[in-house]
Amino acid sequence: MISTICKHSVSIPILIIMLGLPMTHADVVIQITDQNGDPLADATAVITPKFEFDAGAPTDAEVEQINEQFFPRVKVVQTGSNIYFPNQDQIRHHVYSFSEAKQFDIPLYSGTPSEPIRFDQSGLVVLGCNIHDQMRGYILVSDSPYFSVSDSQGQLEISLSETGDYELSIWHPEKDQQLEPIQISIGEDLSFSGSYQLNTARLFFPRRGSSGGGYF
Amino acid sequence: MNLRQLKKDARITLIILMILGAVPTLAQHKPHSLEISTFNNTNIGLARTDHMNDYGVQARLSAQGYYEREPGSGFFYASDLALTKYDVYSNLDRTELSTQIGYVRKLGLGFDKPRISASLGMQYRNSASEIRSGWSIAPKIQYSKNISDRIAINANVLYYRFEAEDRIPIESGEPGWVWGSDNPTSIQNTQLHLGGEWAMTPNSYLALDTTYIKGEFSSMALPSSGLSAYASAASQDDVCGSTYYNYRYQGQGSVLALSFTHVFSDSLEASFRFQRTLVDADEGNGYGQNITNFSLSKRF
């Protein structure tokens, strides 16, 4: 075991452990829990190299609407990615964003819009539906190609191709605290695992004022 | 079959078609619901009452649809069929067919933008109490808005008119009307409603609703000359026997309702509701009642 090499200024419990394993690249494994110790899904981790790197070409992605919810609720894409918004419901949606990183709206559609939306500026994009106010989705647009979203077990994995110094940023839509980036260093043939505990406050919304709850 | 019967049949058919016709393509994710309720009605000691103290159960089948014809605005409808049965006063048992159609417009794009709607509600009530059967209409204008991530408010004003069917069996030999030429349960009034909902947790909601009513009220009481002085019509009532009269008055009233809803899943929820109604409470001849209601609702 190699000593922990992270610097962080936040007052949250954090444990980063580096394991020496014979690998040609570094596998970062992070376990994220909430303040009760329960696994936290939908947390994002973005690892940004602190050296020049080749980001590669962004890939297309999808954020669906299923049962009046965005799926996945949280998506991370690389800057320049095109995202399609297929509507899998039998009802129509009107997806929009007011976020600085990307402002758009797709008025009233069924099926998959023929043109994707291009996300060409890094930052957080909050999605809504103008018919179903309770729908809320999140797209994190990253300049780095190294990112992942935690699964239902609160786990995420990121593969790094180069050694060096990186900055790890963790985020969750229901975070209830300031999150500062964490500086990490990856040496030769190392894997990297850690656990991260976040204080969260659940997001939820009234039902009146939206479809099915308040038109009538 | 006379013209009146034809019109009645056509209206009932229209409501049934609207209930059955709530196709998902025009509606929300699960546009139908079946609700089972049990309730308790308690009069609170004023001179008049619109029900006697009793328990009851209700089954309600609902459907709603929404068709947004352009971004931010569209048509909606909601229909339901409700069966109500009382424990003691079985003449209050009733079947109701209701429908509401309207147009809603959202004023802008976003979570907190308000909606304004105009709608027309119609209901046919077939009550075991013959003087309580009839038609009602209720045109309404409503404003609703999310004022924060957790709180939504709504306000509406509506005109309510109920036309009772005059079905007192004159042939039984009992006098049908004490005075007045029409059924005293035929009333019209104007209602101003203010309400709000607070999302307490991801699965529980607390709602407070208040209504001010001005216009005509119909209520039941033992006959007295004091009440008669205020009434515009009266007849014998057929819920508690002919010792009770039903009177129609001009007046004002208020309804205060507090409800708590717990959502078990996206298709199952339970709700507890307490409602207090006071009509002309300061006049010495008013009526008041408390209703507690527990319901279980399944969406599909």
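Quick note on labels: first sequence line is chain A, next is B, and so on, each numbered from 1.
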Donor-acceptor pair, B:Asp149 side chain versus A:Phe205 backbone, under 3.5 Å?
no

Go through it in stages, so that I can follow the logic: the residues are A:Arg92 and B:Tyr67, the test is side-chain contact (heavy atoms from CB on, under 4.5 Å), and I'd like the CA-CA distance, side-chain angles, deciding distance and then a yes or no.
CA-CA 9 Å; A:Arg92 297 191 288 181; B:Tyr67 181 71; 3.3 Å; yes

Please check if the number of heavy atoms outside A:Phe71 that lie under 6.0 Å from its CZ is greater than 12.
no

Checking A:Glu68 against B:Asp266 for the side-chain contact (heavy atoms from CB on, under 4.5 Å) test, could you report, in this order, the C-alpha distance in whole Å, the side-chain angles of both residues, the deciding distance, and whether it holds?
CA-CA 10 Å; A:Glu68 294 182 16; B:Asp266 71 343; over 6 Å; no

One should read off an interatomic distance between B:Glu70 CD and A:Leu108 CG, to the nearest 0.5 angstrom, of 9.0 Å

Tell me whether the count of non-hydrogen atoms from other residues, nucleotides or ligands lying under 6.0 Å of CD1 in B:Ile141 goes above 12.
no

Need one label for B:Arg69: side chain, backbone, both or neither, based on atoms under 4.5 Å from any heavy atom in chain A.
backbone

Top residue by heavy-atom pair count (under 4.5 Å) with chain A, among B:Asn203, B:Thr201, B:Ile151?
B:Thr201

If you count heavy-atom pairs under 4.5 Å with chain A, which of B:Gly110, B:Pro71, B:Gly102 comes out on top?
B:Gly110

Are B:Lys145 and A:Asp133 close enough for a salt bridge, meaning some N to O gap below 4.0 Å?
no

Evaluate the side-chain proximity of B:Asn146 to A:Pro206: yes if any heavy-atom separation is below 4.5 Å, no if none is.
yes

Is any side-chain heavy atom of B:Leu109 closer than 4.5 Å to a side-chain heavy atom of A:His94?
yes

Does any non-hydrogen side-chain atom of B:Phe111 lie less than 4.5 Å from one of A:Asn130?
no

